[in-house]
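One structure is given here, and the rest of the page talks about it.
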Amino acid sequence: MDSSTFFGLSTVAYILAMVTYIIYLAFKKESLGIVATALTVAGFVSQTLAFGLRWKEFYDIGQMGILRAVPLTNLYESLIFFVWCLILAYLIIEFKYKNRSFGAFVTPVAGLALAFIDISGMSTNIQPLVPALQSNWLLAHVMMSFIAYAMFAISFSTGLMYLIVRTENRNEPAYIFWTVMLSIFIITLSAMGLDYFTFRVAIQSQEELIKSYLFKASFMSSSSSVAVLSWGIAAAFTFFIWRFGGTLKKIIAGFNISHEMLDEITYKSIAIGFPIFTLGGLIFGAIWADQAWGKYWTWDPKETWSLITWFFYAFYLHSRLMRGWKGKKVAIVAVLGFMAVIFTYLGVNLLLSGLHSYGAQ
Amino acid sequence: MEKEKEKKTITDKVWDLFASVKLAIIIFSLIALTSIVGTIVEQQAEPERNLKLLAKMFGESSAPTIYSVLDSLGFMNMYHSWWFVGLLLLFAANLIICSFDRLPRVLKMVNEKVRPLPPEHLEKMSIKKAVSLKGKASQFRELGVSALNDIGFKPLESSGEQGTQFYAEKGNFTRLGVYITHLSILIILAGAIIGIFFGFNAFLNLPEGETSSVAFQDRGVEVPLGFALRCDNFEVDYYPNSDMPKAYRSWLTVIKNGREVMKKSIVVNDPLVYEGITFYQASYGPVPNAMGNGIFILKLISKNGNSEQVQAKLGDSFAIPGTSVRGKIVDFSPALSIDPSGRAFTYADQLVNPAVAIEFSDSGEKKFSGWLLKRYPKTWDLPDGNRVEFMDYWGVEYTGMQVRKDPGVWIVYLGCFIMAAGLYITFFMSHKRVWVNISEDKNEVKVLIGASANRNRAAFEHKIEKLAGLLSAGPKGGK
Ligand code: HEM
């Protein structure tokens, strides 16, 4: 068996876990919770095996040192590593706080990432390294960036939950914020899923993905009635979440997760993610660029977006120090921070051109 | 108090503004938002490119107007515009003044030593534990010290009416972590500014065999190096059966005052540094119009082991040592491939798969001819058992180097290191204090523990639980 078999298994396990966690939230059956955890652990083990196997496959092909063969060199591999870190962090939290309900918020992030891999038909081939990527700094840079992204993803989930638990009134800005955020998240995931089931093609380049496939089964469909219908459904769905969001609050409240705990996890994961991101994402990235190109900072879009993300989280850390900003406002900053992370990682490659090799893949 | 407020001067107000976290948050947002614009509009690009982009976003008719507005605001080269640099300076000022404003208070906290506290005080601490045990208080004194040692504290002792108290603290300096982090940002900015004023960025395309004592900036401005650099050779290594470069390498010689002072080969990620100027392997390519004029370096090995290295040009002939076999170089291709009908053709103008066609003759009589490929040693063996190794085709490629002088880079690195240390201290260490009060009450020993940590309280609570466990186990040996 090769690595892709195990990756496939883990994807299936995570998606099943996501569904089980959501059912568990709805019905509160302890046995369901155990099944969900077991599925997550199974997925994690399988993914770990896959990662190791791919490392070996890469080593056999690349004919370079074992450290240079870490499979973290393209979008596909880095997304998979991100999911791995995220699930590991989640399992630690589940164990530490003895609370499963976060699973329903974290596994969808993992699911979205893996679904994205599938629908984008991203190249899963092992490619040998171009010279600029043959650097140990790069390895540290990519690995630490993704560990930080995973921490930020956790803070996104708990920040969103915090807002769900803490908002009362449907006309409150924070309530509108989280319902819209959650809707966009679910709608994007579903639209991409739809693209996948409609086209089922392997896409050669990311440019092609954007131009020809992304949202072409729904919002950007060539048939205007499908497109209008999609926008209509999206609006209706958002309205539905907005109208009945209170139910979600009751469900989460039923699991006696206190809002203090959510705030604490949000802060803690950022407090861990921020230093790691600073060192691995910004500093090691700058050192690598300095060694490879002779410039530690060039304001290229990828670097600039990393800096924007960094400022978002600096904003978060400092806004907690301001009078009257505790609570909902900082949770909103945490949620927006993760939007910046997603854009730094995917948006820059897909929408903006960059010097970075991932973009040119 | 009221009166003092009224008396605030303008200077005080400006100081207060710059000392506030609120301004910091506004600046964070401004830098982030304007940077977003800078990543959408292509920086320092041809105007047409951005016009096209704007036309896509806002329509053909309004694009030129929007372009000229953005251009006059400096968005086309925004990271170097006066207002963006101004924003960064404002940010630095905010950081400096904010730190000066708060530092005295923090330093006081750092220097303040932990003192014994009355038991009532301990009962109100965020972490507290009370244990009652049989025995005499004096039996617990040694235990108190060793238990505190066990969890990593060196306690002081004080005795009073309310019993004996051990108290200790750790990590008071960690309160400075935030300031170290902030300082590091200023150091990095300072390093960047030094680099801008006292350094340069340039490039140099140097053909094999040539020497240059200048590099070039945009628009052809020459930068003197203060020494000369020669490219002795340039090579690309490819992955097997693919035209994807695995590594490319230049062999360079530094010449100062007519003497060779340094030799080094560089690859991507491993530059040459001389007198503060760094040469990075950046690109390569064929020298224009030179493809036919290079020098073939061939190693000739005869059947019976004689060998010799020769250099020849297109049209030249050579003899294989110790034999009567001669070869004549008749053709060359920088990238040879064979089409389905078996004919050779050139598929690229870069030297991705160099090949040389040689006609061989023995004692003047034509024997055979064929292509020798540099990347396929199998093609080097001749049918008669002799061998011609195609070592290199020299003098037709240039190496492209990024040339940089940046005396500020070490300051930036220092700043990065300090930032890492500062963040570690800020987020992973804390100022911890612990008090253990031991008193005697009717044959019972009452142990009261109080503790506090400014960060990571949960982890410290575990330690305190361990401490309570050690104390309630009682003195060993039951003295
Ligand atoms: C991007 C640049 C900056 C970074 C990375 C940064 C980083 C940090 C960090 C990590 C903390 C600790 C937060 C926490 O305890 O959770 C902090 C606190 C703080 N920062 Fe910044 N900071 C930056 C810019 C600024 C600026 C411009 C100001 C100017 C007012 C400022 C003022 C403060 C203050 C007053 C604190 C609280 C200190 C305390 O708790 O005693 N920071 N900063």
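To find a chain, count down the sequence lines: A is the first, B the second, and so on, and within it residues start at 1.
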Residues at least two apart in sequence or cross-chain that pass ring pair (Phe, Tyr, Trp, His ring centres under 6.0 Å) with B:Phe28, listed by chain then number, are A:Phe311, A:His318

#### Entry: ring pair (Phe, Tyr, Trp, His ring centres under 6.0 Å) partners for B:Tyr79, two or more places apart
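Scan of B:Tyr79 (ring pair (Phe, Tyr, Trp, His ring centres under 6.0 Å), adjacent residues dropped) gives A:Trp299, B:Phe84.
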
Largest heavy-atom contact set with chain A, pairs under 4.5 Å, which of [options]:
| options | result |
| --- | --- |
| B:Asn456, B:Thr278, B:Val409 | B:Val409 |
| B:Arg404, B:Met419, B:Lys22 | B:Arg404 |
| B:Ile25, B:Thr426, B:Leu423 | B:Ile25 |

Inspect the surroundings of [atom1] in [X] and state if more than 12 heavy atoms from other residues, nucleotides or ligands are less than 6.0 Å away.
| X | atom1 | result |
| --- | --- | --- |
| A:Lys96 | NZ | no |
| B:Trp410 | CH2 | no |
| A:Tyr97 | OH | yes |
| B:Tyr424 | OH | no |

Which heavy atom of A:Pro275 sits nearest to which heavy atom of B:Phe428, and what is that distance?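 Looks like CG-CE1, 4.0 Å.
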
Interatomic spacing from [atom1] in [X] to [atom2] in [Y] - rounded to 0.5 Å:
| X | Y | atom1 | atom2 | value |
| --- | --- | --- | --- | --- |
| B:Ile31 | A:Trp310 | CD1 | CH2 | 9.5 Å |
| A:Gln291 | B:Asp270 | CD | CG | 8.5 Å |
| A:Tyr296 | B:Ile188 | OH | CD1 | 9.0 Å |

Ranking A:Asp290, A:Ile308, A:Leu279, A:Ile272 by heavy-atom pairs under 4.5 Å to chain B gives rank one to A:Asp290

message = For the interface with chain B, which of A:Leu307, A:Ile283, A:Thr309 has the highest count of heavy-atom pairs at distances below 4.5 Å?
response =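 Result: the option with the highest number of such pairs is A:Ile283.
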
Listed by number, the residues in residues 189-206 of chain B that come under 4.5 Å of chain A (heavy atom to heavy atom) are B:Gly191, B:Ala192, B:Asn201

Residue [X] versus chain A: region with a heavy atom under 4.5 Å:
| X | answer |
| --- | --- |
| B:Val267 | neither |
| B:Asp406 | side chain |
| B:Ile27 | neither |

Tell me, for A:Leu336 versus chain B, whether the close heavy atoms (under 4.5 Å) come from the side chain, the backbone, both or neither.
->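 Contact with chain B: none, neither part.
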
If one checks every heavy atom of A:Leu282 against chain B at 4.5 Å, the contacting part turns out to be neither

Practice item. Mind checking side chain to side chain contact (heavy atoms under 4.5 Å, CB included) for A:Ala271 and listing every partner two or more places apart, or none if nothing turns up? Key: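 Partners of A:Ala271 under the side chain to side chain contact (heavy atoms under 4.5 Å, CB included) test: A:Tyr267, B:Phe427.
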
